[in-house]
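Okay, so here's the structure we're looking at.
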There are 2 protein chains.
Amino acid sequence: MPESPFRTRPGRNAATPGASMSGPEAEERVVSAVVEAILGHRIAPGTRLIERELANYAGASRSAIRNGLLTLAHAGLVELSPNKGATIAMCSPEEARQIFEARIVIEASVLDILARTLDEAGRARLDAFIDEEHAAYEAGRMEEARHLSRRFHLLVAELSGNDVLTGFVRDLINRQPLLSWTREVRQSRFCGNDAHKRIVEALARGDGAEAARLNTEHLRELERELRTDRESALKTVGAEDADEVPRPRPG
Amino acid sequence: MPESPFRTRPGRNAATPGASMSGPEAEERVVSAVVEAILGHRIAPGTRLIERELANYAGASRSAIRNGLLTLAHAGLVELSPNKGATIAMCSPEEARQIFEARIVIEASVLDILARTLDEAGRARLDAFIDEEHAAYEAGRMEEARHLSRRFHLLVAELSGNDVLTGFVRDLINRQPLLSWTREVRQSRFCGNDAHKRIVEALARGDGAEAARLNTEHLRELERELRTDRESALKTVGAEDADEVPRPRPG
DNA sequence: TAAGTAAAGATTGTCAACAAAAATTGGAAC
DNA sequence: GTTCCAATTTTTGTTGACAATCTTTACTTA
């Protein structure tokens, strides 16, 4: 069984390595493995991805890996430089700001659309989702809670019925974990506050402007938290265990 | 000299075929050739792209072509289906609606940002651009005018300083020609009305809301024109010269 | 010790050939 | 004339090998 090419936390692997079967699934396997690893904060930005290692890991040929990396690069999750290879993308503070700005304006538009078109079925899905999210949080299943918290914004986009905007939102959400390279993001206010719930209530009232305002506030708070996390991480960067969290290699 | 793989209008080629040199430029050459051909309405949506033909045309190997097609697929310009190959993407009316909706909301946000941040240099660039656009229109250089007309919306995004949103706008604009498959889009109101000029004026006043409103109106009119073009094209589809405009092949 | 340099190793970029799948062609039956 | 089916051709998918490039290592020199 090939070893995971990602440095992982002890007892937690990036994904189950596939058999050595190849095919179009192999490409997807690599893509989703990398995405999952990024989302789970198991790879740090700047980590170099080596084609051959990924190929062995996924039981695929280098061509499939190459395609997968191209896909990831287009999604902004990895950076490709000619003759140098692929690394997990690193977001500068400025890029992070732009991503948040983009999320704010696009999600505001989506909420505005949704407030006008939300039907009973959609409302029911949102309510059920909020309950599920709350339950995960209450039960202390933090990883799941964080996952659902991200999914909420995607669900809102999906319900708006615009696949194009939904795709943009998905890309932006997937890049979120690149913005902070601390392993464990503070979860306190993630789902503790009922920001999502209040957004849904505004939507149910048909008040798109208020829903957008709440969402904007919510994202701004997230951005603030992230920035403080980032700053504190920079201060203590020398004290961490290099084996657990791979440091970005320059160049 | 290899023949163009695109059916072209007489006396007008998709691009100058490159020498048989290979390399990373080959991939870009194919990508830009296809993009240009789509933008110039020289390939119809649904046209099948055959790897070997593209390879001969661009003087590249199939690998490079394959990467290029993947890039184009990510941008939504071609569709890839396994074992079947690549075709120029076809937009359903619903997709077209979604693309316009996305443009409307994203460009509105961009204009809102820009109204607050536009400086003298930016203002000057916009004015110069408007002049250039007008000049091209007056001189009857229609292809250039159409090109500049699209570039205007991109320039606005660029000036907003948000690369993420700019990328989204670029993708959306590039897909525009897929929405109508008539060869010659009626140009009458494209640059004839001074929609762009009025948008810039609103921006200069710092009135982002008005700029956004004007832009939305502008895009809605474009969408209306496109829809009528599309409908009339559907009526006369049997009467056209099959050699000039390749019909989409089903499957 | 530090800096510079050349060899060795590792990694990516490219290609051509082969295998698998799909599209086309031709012909037979109705 | 139309429909079905098999053989052929075309096209895509995959692999492995080789060349070009970058990175590391080891060594020399100041």
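Throughout, a chain's letter reflects where its sequence line sits, starting with A, and its residues are numbered from 1.
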### Query
Quick one: Ile65(B) CD1 to dC15(C) P, roughly how many Å, whole number?
10 Å
### Task
Could you state the atom-to-atom distance from CZ of Arg52(A) to P of dT23(D) in whole Å?
20 Å
From the list [options], which nucleotide is the closest neighbour of the side chain of [X]?
X        : options                   : value
Ser61(B) : dC22(D), dC15(C), dT14(D) : dC15(C)
Ile50(A) : dT11(D), dA17(D), dT11(C) : dT11(C)
Arg48(A) : dT12(C), dC15(C), dA23(C) : dT12(C)

### Message
Judged by each residue's nearest nucleotide on DNA chain D, which is more toward the 5′ side, Asn67(A) or Asn83(A)?
### Response
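Counting from the 5' end, the first nearest nucleotide belongs to Asn67(A).
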### Task
Assign each of Pro82(A) and Arg66(B) to its nearest nucleotide of DNA chain D by heavy atoms, then name whichever residue's nucleotide is nearer the 5' end.
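In this pair, the answer is Arg66(B).
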### Message
Under a 3.5 Å cutoff, is there a donor and acceptor pairing between the side chains of Thr71(B) and His74(A)?
### Response
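No, because no side-chain N or O of Thr71(B) sits under 3.5 Å from a partner of the opposite role on His74(A).
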### Query
Do the rings of Phe129(A) and Phe152(A) sit parallel, tilted or perpendicular, given the 30° and 60° boundaries?
tilted
## Note on the structure
The residue among Arg150(A), Arg103(A), His153(A) that forms side-chain hydrogen bond (donor to acceptor under 3.5 Å, both in side chains) with Gln176(A) is Arg103(A)
### Below 4.0 Å: OP1/OP2 of dT23(D) and any side-chain N or O of Lys84(A)
yes
### Query
Quick one: do Glu94(A) and Arg97(A) make a salt bridge, cutoff under 4.0 Å?
yes
